[in-house]
Novice: 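Quick one: structure below, then a few questions.
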Amino acid sequence: MPELPEVETVRRGLLTLLVGHTVKKVTHDTPKSFPNAMADVEQFLVGATVTDIRRRAKVLMIDLSSQYSLVIHLKMTGQIVYRGELVFGAGHPNDSLIGTLPDRSTRVEFELDRGAKLFFNDQRKFGWVRLIPTIEIPNIDFMKKVGPEPLDVNFTDKEFIQRLQRRKNTTIKAAILDQTVLAGVGNIYADEGLWGAKIHPATRVKDVAENKLKKLFTELRYILELSIEKGGSTDRNYVNAEGKKGSYISFARVFRKEGTPCQRHPDTLIKKIKVAGRGTHICPECQKL
DNA sequence: CACTTGACCTGTCCGC
DNA sequence: TGCGGACAGGTCAAGT
């Protein structure tokens with residue numbers, strides 16, 4: 001769920017809401033969600049001020065004045081939600097969007113100055129928050145192997161094709177979901193991009209013509225940009241930093257559209273199949289093996 | 001090494 | 001209505 005556009009939307013929200021706040025206190029209910037020693041929390045988090053919010057792939061980074069950062073992966077059901085007296089008062093309409101916090105999915109609660117709070121909620125406990133020195137972020141395993149940012153202007157379609165073709169015997173869907181090939185694409189945008197490029201998701205990479213791969217790159221970039229514009233996709237759990245849902249899903253052409261007509265072939269219904277172990281949505285007419 | 005599958009979790013939905 | 005099982009999808013570990 002939280003893929004590149006969703007994490008980017010959270011980043012932009014936090015940039016406005018969180019930068020400048022000082023952390024007063026931290027509590028968590030699940031060691032798995034926040035595995036740091038409390039001694040580190042006391043020394044490098046409590047009393048520190050938020051200086052910047054960054055994103056790489058689907059990973060969010062909250063930089064602190066202590067030269068440490070909160071590194072966050074939302075995985076499937078993670079949420080980062082800010083609640084501040086300056087933005088939401090009691091009875092504010094946004095309260096109804098996500099309910100009262102903390103709730104039973106709240107894993108970490110950050111108390112901030114000026115009465116504000118930051119919540120890390122995660123129903124399924126796959127996500128995590130880690131406090132690490134800012135300078136060491138590039139050395140964590142994920143950062144060392146993650147591929148280029150799709151929206152980086154220096155990432156050329158030639159390189160995209162080269163990186164994809166390293167996985168020549170796997171399916172094209174598995175290849176674009178592989179974070180070492182390129183960063184940030186998950187199940188929703190994989191399906192949307194493959195429909196846009198008219199490629200069947202189960203096609204082996206080696207069997208996809210280069211002009212189609214080039215088209216796929218263009219489509220993925222277009223879709224990711226459009227989704228950021230729409231505030232991301234809310235399928236089930238995702239909300240932005242203010243607890244609000246995204247609207248991209250209403251623009252989706254195939255994702256969760258099974259049984260509805262294809263936009264290019266009104267007589268053909270979108271079908272749901274399984275590729276690379278994931279629910280996959282296709283138009284059987286424009287995406288053939 | 002390349003590739004696939006299962007595990008991690010919990011809530012929801014579907015069929016009986 | 002209750003209950004079991006399938007499903008949701010990001011990443012890593014373990015398996016082929």
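None of the values given here were measured: they were computed from a predicted structure. So that the names make sense, note that chain A is the first sequence line, chain B the second, and so on, each numbered from 1.
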Novice: Same cluster or not: A:Leu194 versus A:Ile282, using hydrophobic residues (I, L, V, M, F, W, Y) connected whenever any side-chain heavy atoms lie under 4.5 Å apart?
Specialist: no
Novice: Using the side-chain heavy atoms of A:Lys274, tell me which of these nucleotides is nearest: C:dG10, C:dC12, C:dA8.
Specialist: C:dA8
Novice: Please report, rounded to the nearest Å, how far the C1' atom of B:dC13 is from the CD atom of A:Glu258.
Specialist: 13 Å
Novice: Take atom CG of A:Leu74 and atom C1' of B:dC9, then tell me their distance rounded to the nearest Å.
Specialist: 16 Å
Novice: Base of C:dA8, side chain of A:Arg278 - is there a donor-acceptor contact under 3.5 Å?
Specialist: no
Novice: When you measure from the side chain of A:Lys32, which nucleotide among C:dT11, B:dT10, B:dC8 comes out closest?
Specialist: B:dC8
Novice: Using atom CG of A:Asp178 as one end and atom C1' of C:dG10 as the other, report the distance to the nearest whole Å.
Specialist: 12 Å
Novice: Write down the distance between CG (A:Asp103) and C1' (B:dG11), rounded to a whole number of angstrom.
Specialist: 13 Å
Novice: Side chain of A:Arg167, heavy atoms from C-beta onward: which of C:dT11, B:dT10, B:dC3 has the nearest atom to it?
Specialist: B:dC3
Novice: Of the candidate nucleotides C:dC7, C:dT11, B:dT4, which contains the atom at the shortest distance from the side chain of A:Lys272?
Specialist: C:dC7
Novice: Could you state the atom-to-atom distance from CD1 of A:Ile176 to P of C:dT11 in whole Å?
Specialist: 14 Å
Novice: How long is the straight-line distance from CG of A:Asp63 back to OH of A:Tyr68, given to the nearest 0.5 Å?
Specialist: 13.5 Å
Novice: Could you tell me whether A:Arg264 sits above the aromatic face of A:Trp195, with NZ or CZ closer than 6.0 angstrom to the six-membered ring centre and within 45 degrees of the axis?
Specialist: yes
Novice: With the side chain of A:Glu3 defined as its heavy atoms from C-beta on, choose the nearest nucleotide among B:dC9, C:dG10, B:dT4.
Specialist: C:dG10
Novice: Using the side-chain heavy atoms of A:Arg104, tell me which of these nucleotides is nearest: B:dG11, C:dC12, B:dT4.
Specialist: B:dG11
Novice: Could you tell me the separation between the CZ atom of A:Phe120 and the P atom of B:dC9, rounded to a whole number of Å?
Specialist: 14 Å
Novice: What is the distance from NZ of A:Lys75 to C1' of B:dA7, rounded to the nearest Å?
Specialist: 11 Å
Novice: By nearest heavy atom, map A:Arg124 and A:Asp141 onto DNA chain C; which one lands nearer the 5' end?
Specialist: A:Arg124
Novice: Does a nitrogen or oxygen in the side chain of A:Asn169 sit under 4.0 Å from OP1 or OP2 of B:dA2?
Specialist: no
Novice: So A:Arg107, base contact, sugar-phosphate only, or nothing? Heavy-atom distance under 4.0 Å.
Specialist: nothing
Novice: Under 4.0 Å between a side-chain nitrogen and a carboxylate oxygen: does that hold for A:Glu111 and A:Lys24?
Specialist: no
Novice: Of the options C:dA8, C:dG10, C:dC12, whose atoms approach the side-chain atoms of A:Lys145 most closely?
Specialist: C:dC12
Novice: Does the structure show a Watson-Crick or G-U wobble partner for C:dG4, both distances under 3.5 Å? Name it, or say none.
Specialist: B:dC14
Novice: Would you indicate which nucleotide in C:dT11, B:dC8, B:dC3 comes nearest to any side-chain atom of A:Thr170?
Specialist: B:dC3
Novice: If you look at every strand shown and take non-hydrogen atoms under 4.0 Å, does A:Gly186 touch a base, only sugar-phosphate, or nothing?
Specialist: sugar-phosphate
Novice: Expressed in whole Å, how much space separates the P atoms belonging to B:dC9 and C:dA14?
Specialist: 15 Å
Novice: I'd like to check, for A:Phe126, whether its ring lies over the base of B:dC8 with centroids under 5.5 Å apart and a plane angle smaller than 30°.
Specialist: yes
Novice: Using atom CD of A:Gln165 as one end and atom C1' of B:dC3 as the other, report the distance to the nearest whole Å.
Specialist: 17 Å
Novice: So does A:Lys58 pair up with A:Glu3, basic N to acidic O under 4.0 Å?
Specialist: no
Novice: Parallel, tilted or perpendicular: which describes the rings of A:Phe34 and A:Phe110, with under 30° parallel and over 60° perpendicular?
Specialist: perpendicular
